[in-house]
Amino acid sequence: MTQSFTYRGMPHEIVFGDGSSTAVGDHVDKLGCRRALVLTTPQQVEDGTDLARNLGDRSAGVFSEAAMHTPVDVTERAVERVAVTGADCLVALGGGSTTGLGKAIAYRTDLPQIVIPTTYAGSEVTPILGQTEHGKKTTLTDQKVVPEVVIYDPSLTLGLPVAMSVTSALNAMAHAAEGLYAQNRNPIVSIYAVEGLKAMQSALPAIVETPGDPEARGKALYGAWLCGMVLGAVGMALHHKICHTLGGSFDTPHADTHAIMLPHTIGYNAAAVPELLAPVGEIFGGTPGAALYDFALRVGAPSALKDLGLSEADLDRAADLAVQNAYWNPRPIERDPIRALLQDAWEGRRPE
Ligand code: NAD
């Protein structure tokens, strides 16, 4: 019998193609805007400056303080810069951190956003905004933060370091894998998930071999879009919760944590919903957890939590935190199996 579902489309425009970011000024015009504030991290300020030059008199300058986990004090400085420069739209160039800054400004000012993603995080197509203040991360979901235009230009990702490409892609794959068993899943989003996983499965080994391979880069960015669409459309479960716990309480790096945990969390849930996770097994070849583990190893991803500075003694507290605040998951969240899962992930053991 066909599953009942609801589906909500996103009101944004997606532009995909090599060199497409050079037309950013046209998109500013199409939005009816006149002056765009360019956002970057300090590491990408040169690219941001080039982009501002390309915008010419449509540029309101570059704000280059974007940082991991969207600190509120940075956002407040950026909002001040918007006021001082009279910017009437934002162009975020970078990964999830820069996109997060754009969303945080839009949340406070309602300014339209153009995002040019240079990693595979996928934040540019979600209504989710995580922010940090006084060392505490909070997450909100609001359609107001969805960027109006996303320009995927694979040529800007040719230099994304291989290690970051790998962890960022595994982070994206986690959105797709969890989307397959989401309680509010629907057939369209499941198609995005499968297509996104297939794109990553084919692109990532090619990127590891030839980081500047334009075709593989294009495919990975296409996969990142689809995986991001899954994250934006349906609920996430155990995997995202555990990664959030580890990142929030033990400060483990975001993308590395996702990369290490993915085979274990998917392996845990595959026991409960084998039919929903069957596409993962088919795409990566094997049982879902083991197949993802083998793939991650093949592309050189980190495989053990102990390498992220987490001590074995932390695992008890991590397990306690992970089972607090009940949330929906296809398999019950029970402390002993979760503690065992964390031990496996800490040691880097291959799931079954
Ligand atoms: P990031 O944006 O923090 O980027 C990491 C570093 O890589 C930065 O210094 C950045 O400038 C640099 N970089 C980015 N692209 C590059 C390129 N092509 N070449 C060279 N350097 C490049 O990392 P990320 O993994 O993209 O994003 C992580 C953040 O995004 C986390 O805070 C996470 O919570 C958030 N996120 C949010 C959502 C959402 O829907 N709200 C989704 C996914 C991730």
Side-chain angles (χ1 to χ4, degrees), residues 10 12 21 38-48 50-51 62-72 74-75 92-104 106-107 113 115-132 137-147 150 152-176 178-179 196 207 211-212 217 220-221 224-225 227-236 239-241 243-248 251-259 301:
M10 290 272 197
H12 52 211
S21 62
V38 175
L39 309 173
T40 70
T41 60
Q43 292 78 12
Q44 286 180 290
V45 67
E46 270 181 40
D47 293 339
D50 288 347
L51 190 79
V62 181
F63 181 88
S64 61
E65 295 179 40
M68 196 80 172
H69 304 311
T70 326
V72 168
V74 173
T75 302
L93 172 71
S97 297
T98 307
T99 304
L101 173 62
K103 288 166 125 178
Y107 183 66
Q113 309 165 67
V115 181
I116 307 176
T118 61
T119 71
Y120 309 132
S123 172
E124 63 281 355
V125 286
T126 82
I128 305 162
L129 168 62
Q131 309 184 88
T132 320
K137 185 164 179 176
T138 52
T139 302
L140 62 86
T141 299
D142 192 323
Q143 295 300 323
K144 191 159 113 175
V145 306
V146 177
V150 183
Y152 288 105
D153 182 346
S155 68
L156 298 180
T157 64
L158 300 181
L160 182 66
V162 169
M164 212 191 295
S165 304
V166 166
T167 52
S168 185
L170 286 161
N171 181 189
M173 285 163 49
H175 311 329
E178 285 227 290
I207 288 172
R217 287 295 186 179
L221 201 57
W225 167 47
C227 293
M229 292 286 283
V230 177
L231 175 67
V234 298
M236 298 287 114
H239 173 79
H240 282 73
K241 193 74 176 187
C243 291
H244 195 91
T245 301
L246 292 170
D251 218 19
T252 59
H254 176 86
D256 291 34
T257 309
H258 274 274

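For the numbers below, each heavy atom of this structure counts, side chains included, while hydrogens, waters and symmetry mates do not. Start at 1 and go down the list; that is how both ligands and their atoms are numbered. Here, residue 1 is the first one in the sequence, and each next residue gets the next number.
- Protein residues are said to neighbour a ligand when one of their heavy atoms lies under 4.0 Å from it; for ligand 1 these are Thr41, Gln43, Gln44, Met68, His69, Gly95, Gly96, Ser97, Lys103, Thr118, Thr119, Ala121, Ser123, Thr126, Ile128, Lys137, Leu156, Gly159, Leu160, Pro161, Met164, Leu231, His254.
- Looking at Ile116 and Leu156, their side chains come closer than 4.5 Å, going by heavy atoms from C-beta outward.
- Using a distance-only test at 3.5 Å, with no hydrogens or angles considered, no donor-acceptor pair links the side chain of Gln143 to the main chain of Pro127.
- Applying the side chain to side chain contact (heavy atoms under 4.5 Å, CB included) rule to Leu140 yields the partners Tyr107, Leu129, Gln131, Asp142; only residues at least two apart in sequence or on another chain are considered.
- Among residues two or more places apart in sequence or in another chain, the ring-ring contact (aromatic ring centres under 6.0 Å, His included) test is passed with His254 by His258.
- In summary, the side chains of Ser123 and Thr99 do not present any donor paired with an acceptor at a separation below 3.5 Å, with no hydrogens or angles considered.
- In this view, Asp50 and Arg53 satisfy the salt bridge (Lys or Arg N to Asp or Glu O under 4.0 Å) rule, not counting sequence neighbours.
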